[in-house]
Amino acid sequence: MPANVYYDHDADTALIADKRVAILGYGSQGHAHALNLRDSGVDVVVGLREGSASRAKAEAAGLRVLPTAEAVRGADIVMVLLPDTEQKKVYETDIAPNLADGNSLAFAHGFNIHFGQITPPAGVDVWMIAPKGPGHLVRRTYEEGGGVPCLVAVANDATGKAKQTALAYAKAIGGTRAGVLDTTFEEETETDLFGEQVVLCGGLVELIRNGFETLVEAGYQPESAYFETLHEVKLIVDLIYEGGIAAMNYSISDTAEYGEMTRGPRIITPQTKDEMRRILAEIRSGEFAKEWIAENEQGRPNFDRLREEAAKHPIEEVGARLRAMMPWISAGKAKVQDVSGG
Ligand code: NAD
Ligand code: MG
């Protein structure tokens, strides 16, 4: 069954015209939501912690900035665009004491609601508008007259208007120009984690590193290995993004296509797929969430060690050298967080 997709004519910004929206956080998503809402005529205030480095930036863009608790107190809709690992703490100290019945508590990712880290009171609408793209694109496409597709979900409908309020918000940030797809907090959270762990980040990075290592260990130049196993990934992914796998196959040589069809299944084997199922099960049972929450509570010892190790991989040194000779590659690139969809 095809999913419901909402467009501009399905949403009415009049529903939020007399409401104040507090945007908490002014990072990748925060700056884009705040500016798009403001430009759509919505009353916006940005909530930041004391001493936030983002304060000057938000004020320079003409936005009103308040301490988080005060921003929540004066708002009808509170959109939480803080790092997912910070949300529980900020919810308990600054958000919960200042929420009133009939308010909306909104998210761009379902993690904290779905895994029970945040449990809002029954009188508050809880919904999600999750742009399926980085914040700088949410802003840029809006300014160009377009938008980034979004997901909409409602976890609690206290007012009976949660879904329509969420769609009005999506319209004001440009989402309904591109399409807003119905989902649930459960589906958004679980598919997002699965995608980043198995395909987009975890799977892809291991594929690249192991391919690079295999060539270098066999005596090939690291520069050749870098171009073959990392640089060209973008060229192939662009073709897949534009026309699907079939169109990519149309563009590559028959030799490449034959190699793909006969060798690909030897790399991603039935055992690999079994492991994908195990990873999905860990996500669905909450085991992954529990592990990641505990890791944060302990001050991220494993995260920091793994990050340090990854940075020392030879592919980083070769890559830095080669990319320095191709300055157009990084010109205008957005901040690193922008590559992760949630
Ligand atoms: P970010 O890291 O870019 O920005 C977070 C903001 O919160 C920054 O302004 C930071 O200074 C501020 N902040 C950090 N700790 C804080 C604290 N303790 N108290 C107050 N403010 C604090 O985050 P982001 O990538 O914009 O993510 C925000 C939400 O959007 C997350 O739920 C994420 O999953 C979701 N999301 C992100 C993307 C993306 O492409 N980045 C896409 C879809 C959804
Ligand atoms: Mg994502």
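Any value given below was found using the heavy atoms of this structure, including those in side chains, with hydrogens, waters and symmetry copies removed. In this chain, residues are counted from 1 in sequence order. Indexing begins at 1, ligand by ligand and atom by atom, following the structure's order.
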Between H114 and E188, a side-chain donor and acceptor under 3.5 Å: no

For ligand 1, which atoms sit closer than 4.0 Å to a heavy atom of [X]?
X    : value
Q87  : 32 (O)
H109 : 32 (O), 34 (O)
G27  : 3 (O), 4 (O), 6 (C), 8 (C), 9 (O)
L82  : 7 (O), 20 (C), 21 (N), 22 (C), 28 (C), 29 (C), 31 (C), 32 (O)

Checking Y7 now: which residues fulfil ring-ring contact (aromatic ring centres under 6.0 Å, His included) with it, not counting sequence neighbours? none

How close do D157 and D125 get, heavy atom to heavy atom, and via which atoms? C-OD1, 3.5 Å

For P131 and A108, the nearest pair of non-hydrogen atoms, with its separation, is CD-CB, 4.2 Å

V138 and N36, any side-chain heavy atoms less than 4.5 Å apart: yes

Under 4.0 Å from ligand 1, counting heavy atoms only, is it the side chain of [X], its backbone, both or neither?
X    : answer
A108 : both
V90  : side chain
K132 : neither
E86  : side chain

Both conditions, 6.0 Å and 45 degrees, for the charged tip of R284 above the ring of F194: are they met here? no

Any N/O pair [X]/ligand 1 closer than 3.5 Å:
X   : value
D84 : yes
S52 : no
G25 : no

Going by atom type alone, with no hydrogens or angles, which donor-acceptor pairs under 3.5 Å involve a side-chain atom of residues 261-270 and a protein atom two or more places apart or on another chain?
| unit_1 | atom_1 | unit_2 | atom_2 | d |
| --- | --- | --- | --- | --- |
| T262 | OG1 | Y258 | O | 2.8 |
| T269 | OG1 | Q271 | N | 3.3 |
| T269 | OG1 | Q271 | OE1 | 3.1 |
| T269 | OG1 | T272 | N | 3.2 |
| T269 | OG1 | T272 | OG1 | 3.1 |

Just to check, does S54 reach to within less than 4.0 Å of ligand 1 when the distance is taken from its heavy atoms? yes

With the threshold set at under 4.0 angstrom, would you say T68 reaches ligand 1 through any of its heavy atoms? no

Any Lys/Arg nitrogen of D10 or K163 sitting under 4.0 Å from an Asp/Glu carboxylate oxygen of the other? no

Under 3.5 Å, is there a donor-acceptor pair between the side chain of E295 and the main chain of N302? yes

